[in-house]
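Take a look at the structure set out below.
When a ligand or atom number is given, it counts from 1 through the structure's own listing order.
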Amino acid sequence: MRKTKFLKLKMREASFLSRALLSTRHPVLAHLIPMRRCNLACGYCNEYDHTSKPIDLAVVKARLNKLADLGTSIVTISGGEPMMHPELDQIIDHIRVRGMIAGLISNGYYFTPQRIKRLNNAGLEYLQISIDNVQPDEVSRKSLRVLDKKLRYLSEYADFHVNINSVIGGGIKNPDDALTVARRAVELGFSTTVGVIHDIDGTLKPLSPKEKDIFQQVKKLGNKDHARLNWFQDSIAEGKPYNWRCRAGARYLYICEDGLVHWCSQQRGYPGIPLEQYTMDDFDREYKTEKWCAPPCTLQCVHQVGILDNWRDPQKTPAQIAEEQKTGKGVGEMIGAD
Ligand code: SF4
Ligand code: SF4
């Protein structure tokens, strides 16, 4: 990434961050899915199919306009595999036209020099690729061996920030792979992060001593800002739940391919309201709602957004909020608490 562009991006980030700290009344980050289709079939994934069509550009633009009208700071395009959308460049361009930061999450398979240059021109600012292992196996083909050539192209041509995420835990066969991936990322000039994942049955289990050691080594290699924002991972690594306030449905939005707002990719269906009908009343309700799934949650980006407001505005359970809406009273009044 060119130095001048990097400095401009940092200044924009600082201004978005100050705005997010000064006001709680706008989304900070939205994940938008323009296509559920994916070229891969990772064994742990429930966010893809092999048949769906790309969402029309006009429809995606209308969703972006709505996000901009809600005051959203950052839009990250995700999937499925968003690089399979034939109008991805126009989507990125429209995010920038509406004054938001443009990010992309991809499995990396479609990067060629020409494609990277088109994304430069469209104004992409962030790219994240997750690499699960060094050699492909029956669970994942997001593998360093397959993707190394694509990473070299990105290192040479990308004029946007590239982050490589590796994973540890969850029964990943070779924990050393996370370190190999992180070292290669740093060698190529990218930032690197590591995600701690759950066991295959979704339960929280502490990392083994070897996994913990690798986790610490990868964290040291990685993005220092990121490491500072990911304290929750230390609890998850110990197999302990983490106490935080998830602001999904408000400060963080997940918009599926059908244009519905969900808490996140793992909690589809809540609140399940079409984005075009989403109002600040919905935003306020979700901002205040305590999420039952928060303590074991490993979704890094939602945790990071949550940090902005973790120190303010305690949350209530959905039952308390429903009762409050029915009676028109605050929870404090109902239980006579201060
Ligand atoms: S590449 Fe991503 S979207 Fe596709 S199957 Fe794997 S994890 Fe799911
Ligand atoms: S706590 Fe995690 S899983 Fe639950 S809604 Fe928030 S981001 Fe999603």
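Annotation: protein N, O or S atoms under 2.8 Å of atom 2 (Fe) of ligand 2 (waters excluded) comprise Cys297 SG.
Side-chain rings of Tyr252 and His31 approach one another, their centers coming within less than 6.0 Å.
The single protein non-hydrogen atom nearest to atom 2 (Fe) of ligand 1 is Lys142 NZ, 4.0 Å, given as residue, atom name and distance.
Between Asp309 and Arg312 there is a salt bridge, with a side-chain nitrogen of the basic residue lying less than 4.0 Å from a carboxylate oxygen of the acidic one.
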Verdict with supporting geometry, Asp177 and Thr180, side-chain hydrogen bond (donor to acceptor under 3.5 Å, both in side chains): CA-CA 5 Å; Asp177 283 6; Thr180 309; 4.9 Å; no

Could you go through Lys173 and Glu138, starting from their C-alpha distance and side-chain angles, then the distance that decides it, and tell me whether this counts as salt bridge (Lys or Arg N to Asp or Glu O under 4.0 Å)? CA-CA 11 Å; Lys173 272 192 235 155; Glu138 64 290 354; 3.3 Å; yes

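No hydrogens or angles considered: nothing links the side chains of His303 and Tyr242 as a donor-acceptor pair under 3.5 Å.
The cationic atom of Arg247 (NZ for Lys, CZ for Arg) lies less than 6.0 Å from the six-membered ring centre of Tyr287 and within 45° of the ring axis.
The part of Trp244 lying near ligand 2 is the side chain, judged by heavy-atom distances below 4.0 Å.
By the side-chain contact (heavy atoms from CB on, under 4.5 Å) test, Glu290 is found to be paired with Gln315, Thr317, residues two or more places apart in sequence or in another chain being considered. With sequence neighbours left out, the side-chain contact (heavy atoms from CB on, under 4.5 Å) criterion links Ser155 to Leu188, Phe190.
Around atom 8 (Fe) of ligand 1, protein N, O or S atoms at less than 2.8 Å number 1.
Under the 4.5 Å side-chain contact rule for hydrophobic residues, Ile74 and Leu299 share a cluster.
One finds the SG atom of Cys256 at 5.0 Å from the CZ atom of Arg268 (value rounded to the nearest 0.5 Å).
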